[in-house]
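Beneath this line is the structure, given in structure tokens, with notes to follow.
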Amino acid sequence: MVTKEKPRIERYSPAAIERKWRERWDRDGLYATPDDDPDHPNFYFVTMYPYPSGVLHVGHWYAMAPSDAAARFTRMRGHNVLFPMGFDAFGLNAENAAIKTGVHPSDSTEANMAGMRRQFREMGTMIDWRREVVTCHPDYYKWNQWLFLKLYEKGLAYRATAPVNWCPKDQTALANEQVINGLCERCDTPVTKKDLTQWFFRITEYADELLGFEGIDWPERVRVMQTNWIGRSEGARLSFDVADRPGTRIDFFTTRPDTIFGATFMVLAPEHPLVAELTAPAKKRAVEAYVARARAATEIERASTERERIGVDIGAFAVNAFTGERVPIWVADYVLATYGTGAIMGVPAHDERDFDFAKRHGLEIREVVSPDGTEHGPLSEAYIGPGTLVRSGRFGGVPNEEAKRAIVDDAKARGIGEPSVTYRLRDWLISRQRYWGTPIPIVYCPKDGMVPVPEDQLPVELPYDVEFTPGGASPLTKKRDFVETTCPKCGGPAERDPDTMDTFVDSAWYMYRYPDAQYEKAFMNEAAARKWLPVDQYTGGIEHAVLHLLYARFIAKALADMGYLWFREPFRRLRNQGMIVFKQRKMSKSRGNVLGPDEYVTKYGADTLRLFVMFMGPWTEGADWDDAGIEGVYRFLHRVWDVALTKAADGPRDADLDALVQRTIGKVTEDVGAYHFNTAVAALMELTRALYHSSGPSREDGVRALLLMLAPLAPHISEELWQRRGATRSIHLEAWPAYDAAKAKAKEITLVVQVDGKVRDRLQVPAGISAGDAEKAARASEKVRAYVEGKPVVDVRFVPDRLVNFVTGA
RNA sequence: GGGCGAGUGAUGGAACGGUAGACAUUCGAGAUUUAGGGUCUCGUGCUCGCAAGAGCGUGAGGGUUCGAAUCCCUCCUCGCCCACCA
């Protein structure tokens, strides 16, 4: 019933209310979460902190606003929710910008953070800013250095010379995880290999444990990605002697020891140390030229499967320990220095790559596993399936799976091998030859060698006044008064490590810091942290599935083993939003395609933009940014405004409306809890429309429920309306409306009547109608009768409160 | 090449094996308002029809089922992740 003479009400104007409420909430300390709340159990809700690239873009809103809504929802559901925020403030972007603009990274970062804090506030989040973490401040990165030293003590941080991923544009080494399709994760430049002495974190130590996800609620997608990334392979590590060089062996890893009788050559990676040692004088020039070329190639070129598989014979031989034959040793870049031992046995008959290589270079292809157990002539392609061993000495006739074990047993008995597991995962390279990061707390002394900086001398502060143009070595190398120091052990002259740490080290533990960001005496305040950790709910982008999320798990396990943590998984529950794509690309400042929120906020208000990013589609799936439709959400809030402020006429209760309100509560509770924000908003839209056309006490109760459900999603307007309607305390202190399933039942339902599965009529009948009554009502339908007439009804299907289906024998 | 996911109106998207297209956008018609800002109602998958109505319809083809967008098989397309990992 629409009231004819509606009193004119003031219209909804977000600009007039949003700032006011944010200031009031701040003043009242509404989001200053206490560590203890006697009535509400603690819940630690963290969303990935941003990189302070300049300004927030709508991609940030897409990530943060729904997370904030979920955190607010959790709070209304009875928890004392800590929802903190910080900045991942070190990193290449600021430094690269500084090279261009001349503004010091520290200054630009501080300015960017100030701007982004303002924008976060405009979003109307429940962030507890008292606990902010900023990783580029010495009181934070001091503990990065502490973490490094602890890992070093434990043997989990080590220095090694290895061929590493090198970005020629950013002039720094990169971790494996930071090479995306052969391109630098930051700047999309093709990555090359370079031999460098670098610091690594021994993440491979935890490879097996990282494969287990017991007790944590993580999306299948992420678990699969991490599992694939870790890439566990079972096989054997074996060795062949080098011919004519007693005592020299080549170790190699294989998953197919059963094919060892077919190993007709060996291949070493270009970086393998034995290449130089074993190359025959006559082959030296060719081999050196090949190795040089392989090293200069980018990762993309090297990894291309289209590339012809070529290599060079080094003029040396190994002895196949099973056939006793001399097999030639080759060097080829299809063998990777960083996987297994950097050497393989070439079994062309049963490996596609080896097959191609043998074909190209005229090497023998010898079938040793046969699908039918008989020997065949020349193979036209590698056979990688199961079969029985042939041409394999005393193992002939043995099924190949069985032969795997038997051959490894034999090798073990002869002292030339054993079962082994290899991982695709590499140790985490954390040295960066760049300025804007945490200095590595190590000193090199001519007398004492590598000396860790003692804990009481931390932090090793990053000097401000540095010429930070990159040049292949860390800019800090040129800062002599930084590098030149005294040895903590002997007091003599010594030099500091000039490199800085990967910023993923910073983000691997920042969530331990929030519970008390001011605490400086330990890497975290354990008393406070114990009240919150581990993180109950973590949200963030799917793009971190194998970067940040893997590192954070590793660091948690390492810290737990050192006795600093009482849990081994940092994030109990993980939910990822999909990628927000703008102009066909991921939205990112460094990629130059960002769209700011400010215009939308000015025009429609923060509540509209919040709701809009939630309404766009399923949050976990991501979306292409398109603002078509934001008007619809804006209109919705206008309707809410009008409905909430229009006095309802008196009247009786409306059972249908009461039921709808309850059903909406049920649906929204479920949807928001499951991060299905789009359908939650849709349900609220439906409810609002129904309320618009109603009156009486049911309407009043409905409006109340509507505002409460809207509160986590659109915090400003719901607060304004709540208090305009007479409340004296914040809606954000209220409890989520309770769902009453009994009241949610409509008294009338639409009964669908089908004949042979086709809908022929829809009848309004009382809810809970019996099968018999439903059939009777259905048979009475004119429309149905026309379809059933003259046909034998062989079956009648009844689905309570849903449908009746007549199955005819025709 | 391998793994995972997805294909639904003009568009974003809804739909425990049971009313396909909720909720929006768009477009059209009308109401309210001095106007603007807003709000409300109706219509808006395709075909035939003035209409009532009928038929068709969830990438293609097949299957299971009383009943399939949903489950199974084959194929096609797109997205993401991995990719010379021995």
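These numbers come from the heavy atoms of this one structure, side chains and all, not from hydrogens, waters or symmetry mates. In the text below, chain A, chain B and the rest are named by the order of the sequence lines, each starting its count at 1.
- Using a 4.0 Å cut-off between a side-chain N of Lys or Arg and a carboxylate O of Asp or Glu, K667(A) and E670(A) do not qualify as a salt bridge.
- Residue Y423(A) is out of contact with every strand shown, counting any heavy-atom pair closer than 4.0 Å.
- Nucleotides A68(B) and C73(B) are separated by 15 Å at their C1' atoms, to the nearest Å.
- Pair assignment for C16(B) gives none, since no Watson-Crick or G-U wobble pairing has each distance under 3.5 Å.
- Residue-level contact check: R797(A) touches the bases, meaning some heavy atom is under 4.0 Å from a base atom.
- The nucleotide A10(B) finds its pairing partner in U25(B), both defining distances of the Watson-Crick or G-U wobble pair being shorter than 3.5 Å.
- Within the 4.0 angstrom heavy-atom criterion, only backbone atoms of the sugar-phosphate kind lie near N678(A); the bases stay farther away.
- Side chain of D427(A) to main chain of T204(A): a donor-acceptor pair is present (N/O by atom type, distance under 3.5 Å, no hydrogens or angles).
- Classification of R689(A) and E686(A) as a salt-bridged pair fails, no side-chain N sitting under 4.0 Å from a carboxylate O.
- For the 3.5 Å distance criterion, the side chains of Y787(A) and R760(A) qualify, holding a donor opposite an acceptor.
- Taking the O4'-C1'-N9-C4 or O4'-C1'-N1-C2 dihedral as appropriate, G12(B) has a value more than 90° from 0 and is therefore anti.
- Nearest nucleotide to the R689(A) side chain, out of A24(B), U25(B), U19(B): A24(B).
- Under the Watson-Crick and G-U wobble criteria, each requiring two contacts below 3.5 Å, nucleotide U47(B) is paired to A54(B).
- The gap from the C1' atom of A83(B) to that of G3(B) amounts to 10 Å, rounded to the nearest Å.
- For F357(A) and F355(A), the distance between ring centers is not under 6.0 angstrom.
- Judged by atom type and distance alone, Q754(A) reaches the base of G18(B) through a side-chain donor-acceptor pair under 3.5 Å.
- Look at the P atom in both A69(B) and G9(B): the space between them is 14 Å, to the nearest Å.
- Distances shorter than 4.0 Å separate none of the side-chain N or O atoms of S13(A) from OP1 or OP2 on G37(B).
- Across all strands shown, V759(A) has heavy atoms under 4.0 Å from sugar-phosphate atoms exclusively, and none from any base.
- At the heavy-atom level, R232(A) lies nowhere under 4.0 Å from the strands shown.
- Residue contacts shown for N805(A) include a base, since a base heavy atom lies under 4.0 Å away.
- Between R635(A) and U25(B) there is a side-chain N or O to OP1 or OP2 distance below 4.0 Å.
- Contacts of R760(A) with the nucleic acid, taken as non-hydrogen atoms under 4.0 Å apart, involve only primed sugar atoms and P, OP1 or OP2.
- Checking G30(B) for Watson-Crick or G-U wobble geometry (two distances, each under 3.5 Å) identifies C40(B) as its partner.
- On the P atoms, C56(B) is 16 Å away from G62(B), given to the nearest whole Å.
- Spacing between A6(B) and A14(B) at atom C1', rounded to whole Å, works out to 16 Å.
- No N or O donor and acceptor, one from the side chain of N228(A) and one from the base of C82(B), sit under 3.5 Å apart.
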Anything under 3.5 Å between a donor and an acceptor, one on a side chain of residues 621-630 of chain A, the other on a protein residue two or more places apart or in another chain? List them.
from    : atom 1 : to      : atom 2 : distance (Å)
W625(A) : NE1    : Y600(A) : OH     : 3.4
D626(A) : OD1    : A628(A) : N      : 3.1
D627(A) : OD2    : Y600(A) : OH     : 2.7

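- Spacing of P atoms, C4(B) relative to C42(B), comes out at 47 Å, to the nearest Å.
- Residue F253(A) places its side chain closer to A86(B) than to any other of G38(B), A24(B), A86(B).
- Taking the P atoms as reference points, U70(B) lies 14 Å from A20(B), given to the whole Å.
- The phosphate of U41(B) (OP1 or OP2) has a side-chain N or O of H693(A) nearer than 4.0 angstrom.
- For K783(A), no side-chain nitrogen or oxygen approaches OP1 or OP2 of A52(B) to under 4.0 Å.
- Of the residues V369(A), D354(A), N400(A), the one that meets the side-chain contact (heavy atoms from CB on, under 4.5 Å) test with T259(A) is V369(A).
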